[in-house]
Amino acid sequence: MDTEADLFYRQIPKVELHAHLNGSVSFATMDKLIARKPQLNIESSRTAIHSGQHRTLSECFQVFKVIHQLVDSEEDILMVAKSVIEEFAADGVKYLELRSTPREETKTGLSKRRYIETVLEAIHQCKQEDVDIDVRFLVAVDRRNGPEVAMETVKLAEDFMSSSDGVVVGLDLSGDPTVGHGKDLLPALQRARNCGLKLALHMSEIPSQKEESELLLDLPPDRIGHGTFLHPGAGGSDSLVDKVCKLNIPLELCLTSNVKGQTVPSYDKHHFQYWYELQHPCVLCTDDKGVFCTDLSQEYHLAASTFGLTQDAVWSLSQQAIQCSFAPEAVKQKLEQRWAELRPHVLH
Ligand SMILES: CNc1ncnc2c1ncn2[C@@H]1O[C@H](COP(=O)(O)O)[C@@H](O)[C@H]1O
Ligand SMILES: [Zn+2]
């Protein structure tokens, strides 16, 4: 273990822009949830993919189903959200955009509105407790649930955008990419865009989504999640790459998630290299730090060691992420200032 290098990656201030709440639950929190619900008889080995292990992407979605059984009440969501925020802060994340799919649970009387309110309450409590991190929220649309639910979710997000004091900033499109087609969700996404919600869309996470990505890019999104198969070398096209470049749409890249989920064969084949060489804005993210057993420091470390990035380059990468966030300009400026102050303490 190279502990000095580990320290460097932990010490750099970081911005996390792609983190699914229920995929980010740590082992420690998972153990608490399992102990709360012994009747479910769930083993902790079913809620995470450990080092060296791989799963197909569809197996990853089975893992989320298990986690959703464990997180099904206001009490659970509050605990999970608070712990996840504290863990990101402890890892040196200064600005976090958390995303989550509002769920209704008849068993516990949870409504989608209460779901979002509870996440916002967790964010509020962390702020009150002076946890050193600025947290915003993206309401997530699970593509599997179809156009009506997507529209209903957008309307909820709209309500919260105006009532949450700037905490709800955007909309995420995620869920199993093999299910449904983005064209059916365009009216909902268009509406979200028109009312001022920022769009962070999972795109081309699997090879068969070329046509869908063309359509989604015409919205256009404000950020792209993964984009693994956009470029010609991966079966995408020049036209897709040209659109992304012309519109300068940042990519959220999640190395461990893609390798463990087997959409990328190995770290050195990750599309980070392609886009980084084009000098396109790339933001390293964790996706699901709990499920994939990682954290943001580790993702920076992995990118640096795989692609030979200098400490200066790593610093620039983390700093550039500020401008890719959905934070208001004043917050971005404060973060830039923070980075400038910390630089001499971290870079030698
Ligand atoms: C691995 N790649 C991925 N691709 C697509 N969607 C993903 C994902 N990882 C997570 N999610 C989405 O996030 C949900 C879990 O968090 P929340 O319950 O919303 O907090 C999953 O059910 C899925 O919809
Ligand atoms: Zn994701």
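The structure presented is a predicted model; accordingly, all values stated were derived computationally and were not measured. Both ligands and their constituent atoms are indexed starting at 1 by order of listing.
Nearest protein heavy-atom neighbour of atom 9 (N) of ligand 1: D288 OD2, 2.8 Å. Protein heavy atom in closest approach to atom 1 (C) of ligand 1: D287 OD2, 3.5 Å. Nearest to atom 6 (N) of ligand 1 among the protein's heavy atoms is G175 N, 2.9 Å. Counting only heavy atoms of the protein, atom 10 (C) of ligand 1 lies nearest to F64 CZ, 3.2 Å.
Between R343 and D312 there is a salt bridge, with a side-chain nitrogen of the basic residue lying less than 4.0 Å from a carboxylate oxygen of the acidic one. Salt bridge present: E212 and R143 bring a charged side-chain N and a carboxylate O closer than 4.0 Å. By the 4.0 Å N-to-carboxylate-O rule, K289 lies too far from D91 to be salt-bridged with it. Salt-bridge annotation for R114 and E117: present, with a side-chain N of the basic residue lying under 4.0 Å from a carboxylate O of the acidic one.
Residue contact annotation: R103 has no non-hydrogen atom under 4.0 Å from ligand 1.
Of the inter-residue distances, the one linking Y300 atom OH with L255 atom CG reads 11.5 Å to the nearest 0.5 angstrom.
Nearest to the Zn ion (ligand 2), among the N, O or S atoms that H18 has, is NE2. When distances from the Zn ion (ligand 2) to the N, O or S atoms of D287 are compared, OD1 comes out shortest.
Residue D176 has no nitrogen or oxygen atom sitting less than 3.5 Å from a nitrogen or oxygen atom of ligand 1, judged on distance alone. When only interatomic distances are considered, the shortest N/O to N/O separation between H68 and ligand 1 falls below 3.5 Å. Backbone and side-chain nitrogen or oxygen atoms of F61 are examined, and none is located within less than 3.5 angstrom of a nitrogen or oxygen of ligand 1. Among the atoms of T101, some N or O lies under 3.5 angstrom from an N or O of ligand 1.
With a heavy-atom cut-off of 4.0 Å, C60 does not touch ligand 1 at all.
Ring orientation note: the planes of H202 and H18 are nearly perpendicular, at an angle over 60° on the 30°/60° scale.
For the pair K198/R223, no side-chain contact is recorded, criterion being any heavy-atom separation below 4.5 Å from C-beta on.
Counting backbone and side-chain atoms alike, H20 contributes an N/O/S atom closer than 2.8 Å to the Zn ion (ligand 2).
Between L70 and the choices I34, T29, D76, the side-chain contact (heavy atoms from CB on, under 4.5 Å) rule is met once, by I34.
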